[in-house]
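Shown next, in structure tokens, is the structure this report addresses.
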Amino acid sequence: MGRLSLWCLGALIHLAAPMRLGVPAAGARVVGSVISCPVVSCASVSLDTPAPSPVPRLDEIRGLIRMARLNTVPMGASLVALGAYGARHVRVMTTCGGARLARLILGAVLTIIVTTGSMLINDYHDFREGVDTAETKPGRPLVTGQVRPETVKLVLKWAYALHLTLLCLVDSALMRLWVLANTLLTYLYSVHLKPITGVKNFVCATIVSMGLGLGAVAQAGSGLEPLRAVWRPMAAVGGLIWHREIVMDIGDMEGDALVGVRTLPVVLGADKALLVSFIPLSLSIATAASIGGPRALVATAPLVAQACFALWTRKCSFTKSSLALPIEWAPYLLLVTLITLTSA
């Protein structure tokens with residue numbers, strides 16, 4: 001653990017280094033969560049330039065909370081808890097219950113930081129690249145000016161500093177590597193992979209399903225046995241989230257086409273994209289059914305209901321109200337499936 005701890009400390013010092021704040025200038029380059037901008041000579045700035053009107057701090061905090069989408073926190077924490085529950089029969093690295101509980105709490109907190117941080121990164125880059133505009137996303141805090149871009153960078157800087165600090169406290173090498181992989185994949189998704197047609201849906205589903213694996217690894221501490229114990233729940237989560245992401249893209253199809261974002265619905269059309277979304281959902285259903293016995297019926301029923309909701313949106317010509325049904329109900333249906341699969 002010594003070498004990894006030193007690496008974490010070095011990364012923390014680098015991340016906590018002073019960062020130039022302000023709206024990125026033309027030619028700014030993104031490196032991690034830090035924006036490096038060309039240096040502007042003070043002599044070239046007119047002292048008569050009026051300063052931008054300040055945003056009320058309390059109002060900006062409200063905007064940041066909206067951007068963080070805290071409604072996703074319970075789902076992230078629940079996945080970690082269900083992963084640990086699913087691996088409860090696996091031989092653990094230590095018999096100390098306090099150590100396992102500490103790993104679980106750290107796992108949940110790290111997941112929350114990565115999840116909310118990814119929401120901020122996603123909104124920041126969509127705003128910076130011109131994807132979120134007054135025409136496509138008129139209510140987003142960055143678009144309305146409720147939150148300043150430099151504030152988002154500052155919050156991310158300290159959030160990931162805390163993330164690295166907590167990561168150094170994890171006593172399991174496998175868990176540290178799992179968290180690092182999840183964090184790196186989340187960053188790559190938000191900054192580089194999101195514009196790639198089809199890839200972003202798969203990557204997002206993978207990131208979410210890794211929450212279950214994190215809980216399993218936190219429970220056992222080491223070895224691949226905990227991951228084998230929760231492969232069915234992870235596959236069920238990945239397939240349904242993959243399907244749901246495509247359905248969400250159908251809802252954003254008009255705005256994405258306007259700014260040139262080539263999602264599956266934009267490239268294939270809503271009908272064909274929905275058809276593609278049934279492929280991963282079918283894999284989830286097959287995985288849940290493989291458990292056998294009466295539990296298979298209970299585990300697959302919510303996933304079949306999700307498919308029915310998605311088909312209903314097509315009958316309703318993909319209206320916003322019809323799309324809300326499979327999008328908003330998916331987490332609750334998934335919870336029933338996960339409880340059933342992890343109870344086996």
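For the numbers below, each heavy atom of this structure counts, side chains included, while hydrogens, waters and symmetry mates do not.
To the nearest 0.5 Å, atoms CG (L166) and CG (L110) are separated by 5.5 Å. Within the model, atoms CG of L297 and CD1 of I291 stand 12.0 Å from one another, a figure rounded to the nearest 0.5 Å. Taking CE of M75 as the reference point, atom OH of Y332 lies at 11.0 Å (rounded to 0.5 Å). Atom CG of L177 and atom CG of N182 lie 12.5 Å apart (nearest 0.5 Å). Remark: R314 CZ to D271 CG distance equals 4.5 Å, nearest 0.5 Å. Between the NZ atom of K320 and the CG atom of L323 there is a distance of 7.0 Å, given to the nearest 0.5 Å.
Hydrophobic clustering of Ile, Leu, Val, Met, Phe, Trp and Tyr side chains at less than 4.5 Å, counting indirect connections, unites L184 with L180. No continuous path of hydrophobic side-chain contacts links I327 to L325 [ILVMFWY only; heavy atoms under 4.5 Å]. Criterion: ILVMFWY side-chain heavy atoms under 4.5 Å apart, direct or through other members. Under it, L169 and L162 are part of a common hydrophobic cluster. Linking Ile, Leu, Val, Met, Phe, Trp and Tyr whenever their side-chain heavy atoms come within less than 4.5 Å puts I207 and Y187 in one cluster. Note: the hydrophobic cluster containing W242 also contains I196 (ILVMFWY, side chain heavy atoms under 4.5 Å, direct or indirect links).
Just one of I246, L264, I250 meets the side chain to side chain contact (heavy atoms under 4.5 Å, CB included) condition when paired with L274; it is I250. Exactly one residue among R128, R69, K137 makes a side chain to side chain donor-acceptor pair (under 3.5 Å) with D123. That residue is R69.
The shortest distance between side-chain heavy atoms of S343 and I339 falls below 4.5 Å. Inter-residue side-chain proximity for S118 and Y189 is flagged as unmet; no heavy-atom pair is nearer than 4.5 Å. Here the side chains of L82 and P233 are not in contact, with every heavy-atom distance at 4.5 Å or above. Side-chain contact check for T183 versus Y160: some heavy-atom pair is nearer than 4.5 Å. Using a 4.5 Å cut-off on side-chain heavy atoms (C-beta onward), M67 and M119 make no contact. At a threshold of 4.5 Å between non-hydrogen side-chain atoms, the residues V131 and T136 do not count as touching. Looking at heavy atoms from C-beta onward, S290 lies in side-chain contact with R232 at the 4.5 angstrom threshold. Side chains of H125 and K194 form no contact here, defined as non-hydrogen atoms less than 4.5 Å apart.
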Using the rule given for side-chain contact (heavy atoms from CB on, under 4.5 Å), can you reason through L334 versus R244, listing the C-alpha separation, both sets of side-chain angles and the distance that settles it, and then say yes or no?
CA-CA 11 Å; L334 182 60; R244 181 175 182 257; over 6 Å; no
Stepwise side-chain contact (heavy atoms from CB on, under 4.5 Å) test for F127 and V152:
CA-CA 11 Å; F127 174 72; V152 177; over 6 Å; no
L193 vs K200, side-chain contact (heavy atoms from CB on, under 4.5 Å): CA-CA, chis, key distance, verdict
CA-CA 6 Å; L193 301 177; K200 71 149 191 162; 5.6 Å; no
Run L79 and V208 through side-chain contact (heavy atoms from CB on, under 4.5 Å) and show every step you take.
CA-CA 8 Å; L79 288 175; V208 175; 3.6 Å; yes
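Listed for the S284 side chain is a donor-acceptor partner under 3.5 Å among the backbone atoms of L240. Not a single donor-acceptor pair under 3.5 Å links the side chain of Q219 to the backbone N or O of R100. For the pair T144 (side chain) and P141 (backbone), a donor-acceptor distance under 3.5 Å is present. The backbone N or O of T263 lies less than 3.5 Å from no partner atom in the side chain of T197, so there is not a single donor-acceptor pair. In this structure, the side chain of W178 engages the main chain of M210 through a donor-acceptor pair within 3.5 Å. A donor-acceptor pair under 3.5 Å is absent between the side-chain atoms of R66 and the main chain of G63, judged by distance alone.
Of all non-hydrogen atoms in T72 and A68, the two that sit nearest each other are OG1-O, 4.3 Å. Residue T111 comes nearest to G76 through the heavy atom pair CG2-O, 4.0 Å, listed as atom of the first residue, atom of the second, then distance. Shortest non-hydrogen contact noted between L303 and A288 is CD1-CB, 4.0 Å. The minimum heavy-atom distance between E60 and V147, with the atom names listed, is O-CG2, 3.6 Å. Scanning all heavy atoms of the two residues, the minimum distance from L64 to L120 falls at O-CD2, 4.1 Å. The shortest heavy-atom contact between Y85 and R88 is O-NH1, 2.6 Å.
For CH2 of W329, the number of neighbouring non-hydrogen atoms (other residues, nucleotides, ligands) closer than 6.0 Å is 12 at most.
In this pair, F278 and H243 present their aromatic rings parallel. The plane angle is below 30°, not in the 30 to 60° band.
A salt bridge links E225 and R228; the closest N-O separation between the charged side-chain nitrogens and carboxylate oxygens is under 4.0 Å.
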